[in-house]
Amino acid sequence: AYYVVLISDRTKEGAMQRKTMIQSDLTVKLVQNEKKTWFHWVLAEPFHIDKIGNETQRIRNLGYQDAWWTIGRKLKE
């Protein structure tokens, strides 16, 4: 499974503050990278490798120009 990352921050507190930048109609969850150095707000729905590129572009078109994708096994909830 692959996830679209909307916003990242080095601290959980910073990530929580930045959540207000996310549109309320997007369902997101907070995860941490496997090295525990970043917190990421990702779309809650995972995507297949065949769809992740299109979904990332759709999110960028909504104004999240720094959106990127990552594989789920590199994230911890």
Side-chain angles (χ1 to χ4, degrees):
Y2 296 83
Y3 290 89
V4 178
V5 178
L6 302 174
I7 296 174
S8 301
D9 200 280
R10 289 253 184 210
T11 67
K12 187 172 186 176
E13 295 77 23
M16 296 304 288
Q17 290 174 356
R18 296 185 72 178
K19 186 176 190 254
T20 61
M21 300 169 65
I22 299 173
Q23 296 173 347
S24 61
D25 62 331
L26 295 175
T27 304
V28 296
K29 64 181 178 178
L30 185 63
V31 297
Q32 193 172 23
N33 69 332
E34 65 185 344
K35 294 180 182 178
K36 298 185 177 182
T37 54
W38 286 94
F39 289 87
H40 306 298
W41 284 107
V42 300
L43 291 182
E45 178 185 351
F47 293 88
H48 187 270
I49 187 67
D50 296 339
K51 308 267 186 216
I52 193 66
N54 288 338
E55 184 62 18
T56 302
Q57 188 58 52
R58 184 184 79 81
I59 293 298
R60 286 178 183 161
N61 291 343
L62 291 176
Y64 302 93
Q65 296 174 356
D66 293 332
W68 53 283
W69 61 267
T70 187
I71 192 163
R73 65 179 152 81
K74 292 187 175 185
L75 304 175
K76 308 291 179 209
E77 291 189 40

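Evaluation of the salt bridge (Lys or Arg N to Asp or Glu O under 4.0 Å) test over residues 50-63, restricted to residues two or more places apart or in two chains, returns Glu55-Arg58. Pairs passing the ring pair (Phe, Tyr, Trp, His ring centres under 6.0 Å) check and including a residue from residues 10-31, sequence neighbours excluded, do not occur. Counting only residues at least two apart or on different chains, no side chain to side chain donor-acceptor pair (under 3.5 Å) pair has a member in residues 13-25. A salt bridge (Lys or Arg N to Asp or Glu O under 4.0 Å) check over residues 38-47, counting only residues at least two apart or in different chains, returns nothing.
Every side-chain contact (heavy atoms from CB on, under 4.5 Å) that Lys35 has, sequence neighbours left out, goes to Asn33, Thr37. For Thr27, there are no side-chain hydrogen bond (donor to acceptor under 3.5 Å, both in side chains) partners, not counting sequence neighbours. Legend: residues meeting side-chain hydrogen bond (donor to acceptor under 3.5 Å, both in side chains) with Gln57, ordered by chain and number and at least two apart, are Asn61. Taking Thr70 as the reference, nothing meets the side-chain hydrogen bond (donor to acceptor under 3.5 Å, both in side chains) condition, with sequence neighbours excluded. When the salt bridge (charged side-chain N to carboxylate O under 4.0 Å, His left out) test is applied to Lys29, the partners found at least two apart in sequence or on another chain are Glu77.
The two residues Ser8 and Val5 have their closest heavy-atom pair at OG-CG1, 3.5 Å. Of all non-hydrogen atoms in Tyr3 and Ala44, the two that sit nearest each other are CE2-O, 3.7 Å.
The hydrophobic cluster around Leu30 extends to Tyr2, Val4, Leu6, Ile7, Met16, Met21, Ile22, Leu26, Val28, Phe39, Trp41, Leu43, Phe47, Ile49, Ile52, Ile59, Leu62, Tyr64, Trp69, Ile71, counting ILVMFWY residues whose side-chain heavy atoms fall within less than 4.5 Å of a member.
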Exercise. Yes or no on side chain to side chain contact (heavy atoms under 4.5 Å, CB included) for Arg10 and Trp38, after CA distance, side-chain angles and deciding distance?
Worked result: CA-CA 5 Å; Arg10 289 253 184 210; Trp38 286 94; 3.3 Å; yes
